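Here's the structure, in structure tokens; my notes come after.
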Protein chains: 2
Amino acid sequence: MDTFLTQPKQTFVNLSPEKRESIVRAAVSEFAEQGYQRASLNNIVKRLGISKGSLYQYFDNKEALFLHVFDHFTQQVKQYVKASVGGNGRDDFFVVARQVLLAGIAFIDSHPEYFQVYLKVLFERDVPRREELVARVRLFSLEYFGPLADLAMGQGVLRSDIPSQKVVFILDAMLDRFLQGYAQPYLDGGLALAGMSAGRLDDEIDSMVAVLRTGLQPSGNGE
Amino acid sequence: MDTFLTQPKQTFVNLSPEKRESIVRAAVSEFAEQGYQRASLNNIVKRLGISKGSLYQYFDNKEALFLHVFDHFTQQVKQYVKASVGGNGRDDFFVVARQVLLAGIAFIDSHPEYFQVYLKVLFERDVPRREELVARVRLFSLEYFGPLADLAMGQGVLRSDIPSQKVVFILDAMLDRFLQGYAQPYLDGGLALAGMSAGRLDDEIDSMVAVLRTGLQPSGNGE
DNA sequence: CCATAATATGACCAGGCGGTCACATTATGA
DNA sequence: TCATAATGTGACCGCCTGGTCATATTATGG
């Protein structure tokens, strides 16, 4: 998780941070809009006002540029999750779920295009090293909630008639789908999540977590 | 919902049903693998062993071919849902949810490529008449569950502290995401839904519906 | 049989793609 | 100052795309 997918050429490293950022930004934008295969290097250099030859001085090829962008993305995600989730293991299972969901929302709000890149990777063929890329992101959720669910189940906080793995799947599915709906029009089920005020969004999240809590906790612990 | 998105040329209608089907099949296959924009008419005619000119005798252009394919898809979906869901309005809310989910699974099993086309449309830009296409599919779920949820809430079968619209969102999200996981590798949360036997799949579905039931019904009606 | 209509064909077009490379420009440091 | 290294440039390449069209083939029915 900590190693890089690819390395830019030395020429790119020598660039000023501003220029490096602007290049990454333009690339993210293009990959977010078009996905990997349709993304056009000609477009990217046109946006940047640099020549195509320069881009090839910075990265070996399209794939290397894309992997560099994805590296940036995973680093950002890591930061957000780490910052949003307290960290001590004694938090309530569903409180943590709520925190993770909020972290996701915050991430999408500040890096909407990165999330689009991720969604494109999920549903596009022939993305270089796709399995590996997806795994890097999804393991955040699965490896994070897995042990947490095991722990919660041991403490009797989760209903015991459903294996913890399924609990993780359900939790992951709900959170992931909520974020999809937030980021993608048409998937919000008429809830208009996209343009929603922070307050109303909180309500939606509360409802969802409430349902998860009631549905996943042992019977009898009601509300 | 009943009108067609597009009409093939008369030449296509004159074709034998076998040839029409083989053409649609080849097109579905290409659109499923590549999405709309990346799909190649050259590929399609190569697969079919016909000339490009012929394809243009059947359809005005790429968009018309695609819309015809999507028309086929929605018709198929309608059939499956209609066939799988009993229909009388007196069924238990969550039993219906289970039926719809099973209908979705059955549909993906027998038309995996159609579902891929739909997923591609959801996450691709510049798909012609995308809003309209997505709406045609999603309204099945929303318009179907909406009234059903209102009814169930009136009967006190659903918890009253969450608006029925949110209930529909949650239900729709869970079902939709389950189908995504079934159709798409990486999204099954390590549950290996894809290659799963019918029996074990039933278990997974039962778990999910059980959680929804417990989570969504009024407190006190436990189990 | 033969004229006409319907259908099939694939070379061709303009445009875009990822990638290359000979050359122009700028930075470096002795 | 000036040789050398580093960096920037865009015309160019082969390939593929959606779409066209003059021409060849086949079906039709009087």
Side-chain angles (χ1 to χ4, degrees), chain A residues 6-24 26-27 29-31 33-70 120 124-129, chain B residues 6-24 26-70 120 124-129:
Chain A
T6 185
Q7 273 159 317
K9 292 188 179 182
Q10 185 59 41
T11 315
F12 183 73
V13 180
N14 293 344
L15 254 36
S16 76
E18 296 78 29
K19 184 145 193 186
R20 281 205 306 267
E21 269 172 42
S22 82
I23 289 171
V24 170
S29 193
E30 178 74 8
F31 284 122
E33 285 173 17
Q34 311 291 350
Y36 175 77
Q37 295 285 354
R38 276 243 300 164
S40 153
L41 299 186
N42 289 328
N43 258 354
I44 293 175
V45 299
K46 211 182 296 163
R47 294 185 197 211
L48 286 166
I50 67 174
S51 70
K52 186 145 57 159
S54 284
L55 192 56
Y56 275 87
Q57 305 254 38
Y58 305 148
F59 297 92
D60 281 325
N61 47 36
K62 189 182 187 180
E63 173 171 338
L65 172 60
F66 172 71
L67 292 176
H68 182 73
V69 162
F70 206 91
K120 287 286 189 342
E124 185 179 346
R125 286 202 171 199
D126 306 324
V127 175
R129 300 168 71 176
Chain B
T6 186
Q7 274 158 316
K9 293 188 179 181
Q10 186 59 41
T11 316
F12 183 71
V13 180
N14 294 343
L15 254 35
S16 74
E18 296 78 30
K19 185 146 191 186
R20 283 204 305 268
E21 270 171 41
S22 81
I23 289 170
V24 170
V28 170
S29 194
E30 179 73 9
F31 284 122
E33 285 174 17
Q34 311 291 348
Y36 175 77
Q37 294 285 356
R38 275 244 300 164
S40 154
L41 299 187
N42 289 329
N43 258 354
I44 293 175
V45 301
K46 212 181 297 163
R47 293 186 199 210
L48 286 166
I50 67 175
S51 71
K52 187 147 54 159
S54 284
L55 193 56
Y56 274 87
Q57 305 255 37
Y58 305 147
F59 298 92
D60 282 325
N61 47 36
K62 188 182 186 179
E63 173 171 339
L65 172 61
F66 173 70
L67 292 177
H68 181 75
V69 161
F70 206 90
K120 287 286 191 337
E124 186 179 345
R125 285 202 170 199
D126 305 324
V127 175
R129 299 166 72 175

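Remember, predicted model here, so these are calculated numbers, not experimental data. Within every chain, numbering begins at 1; the chains are lettered A, B, ... in the order of the sequence lines, protein sequences first and strands thereafter.
A/Ile44 places its CD1 atom 10 Å from the P atom of C/dC17, with the value rounded to the nearest Å. Distance CZ (A/Phe59) to C1' (C/dT20): 19 Å, rounded to an integer number of Å. Computed from coordinates, the B/Gln10 CD to C/dA6 C1' distance equals 11 Å when rounded to whole Å. Atom C1' of nucleotide C/dC17 and atom CD of B/Gln37 are separated by 14 Å, given to the nearest angstrom. Between A/Leu55 atom CG and C/dT20 atom C1' the separation is 14 Å, expressed in whole Å. One can place NZ of A/Lys9 at 11 Å from C1' of C/dG19, the figure rounded to the nearest angstrom. D/dG18 atom P lies 11 Å from atom NZ of B/Lys46, rounded to whole Å. Summarising the geometry, the separation between CD on A/Gln34 and P on C/dG18 is reported as 11 Å, rounded to the nearest angstrom.
DNA chain C is contacted by both A/Asp60 and B/Gly53; B/Gly53 maps to the nucleotide lying nearer its 5′ end (nearest heavy atom per residue). Residue-to-nucleotide proximity on DNA chain D shows that, of B/Gln57 and B/Glu63, the 5′-proximal contact is made by B/Glu63.
Comparing atom distances between the A/Asn42 side chain and each of D/dT9, D/dT17, C/dG18 picks out C/dG18 as nearest. Closest to the side chain of B/Ile50, out of C/dT9, D/dG8, C/dA8, is C/dT9. Comparing C/dT7, D/dG19, C/dG18 by their closest approach to the side chain of B/Thr11 singles out C/dT7.
Checking the phosphate oxygens (OP1, OP2) of C/dC17, a side-chain nitrogen or oxygen of A/Ser40 falls inside 4.0 Å. Side-chain N/O atoms of A/Tyr56 include none lying less than 4.0 angstrom from OP1 or OP2 on D/dT7. Contact annotation: B/Asn14 side-chain N/O to C/dA6 OP1/OP2 distance is not under 4.0 Å. The side chain of B/Asn61 contributes no N or O atom lying less than 4.0 Å from OP1 or OP2 of D/dG18. For the pair B/Ser54 and C/dT7, the criterion of a side-chain N or O lying under 4.0 Å from OP1 or OP2 is not met. Phosphate proximity of D/dG10 to A/Lys52: absent, as no side-chain N or O sits under 4.0 Å from OP1 or OP2.
In this structure, NZ in A/Lys62 is found 8.5 Å from CD in A/Glu30, a value given to the nearest 0.5 Å.
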- So B/Tyr58 and B/His68, ring-ring contact (aromatic ring centres under 6.0 Å, His included) or not? Walk me through it. CA-CA 11 Å; B/Tyr58 305 147; B/His68 181 75; over 10 Å; no
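The shortest side-chain heavy-atom distance between A/Gln37 and B/Gln37 does not fall under the 4.5 Å cut-off. Between B/Tyr56 and B/Lys9 there is no side-chain heavy-atom pair separated by less than 4.5 Å. Residues B/Leu65 and B/Phe31 are in side-chain contact: their nearest non-hydrogen atoms beyond the backbone lie under 4.5 Å apart.
At a threshold of 4.0 angstrom between heavy atoms, the contacts of A/Tyr58 are confined to the sugar-phosphate backbone, with no base atom among them.
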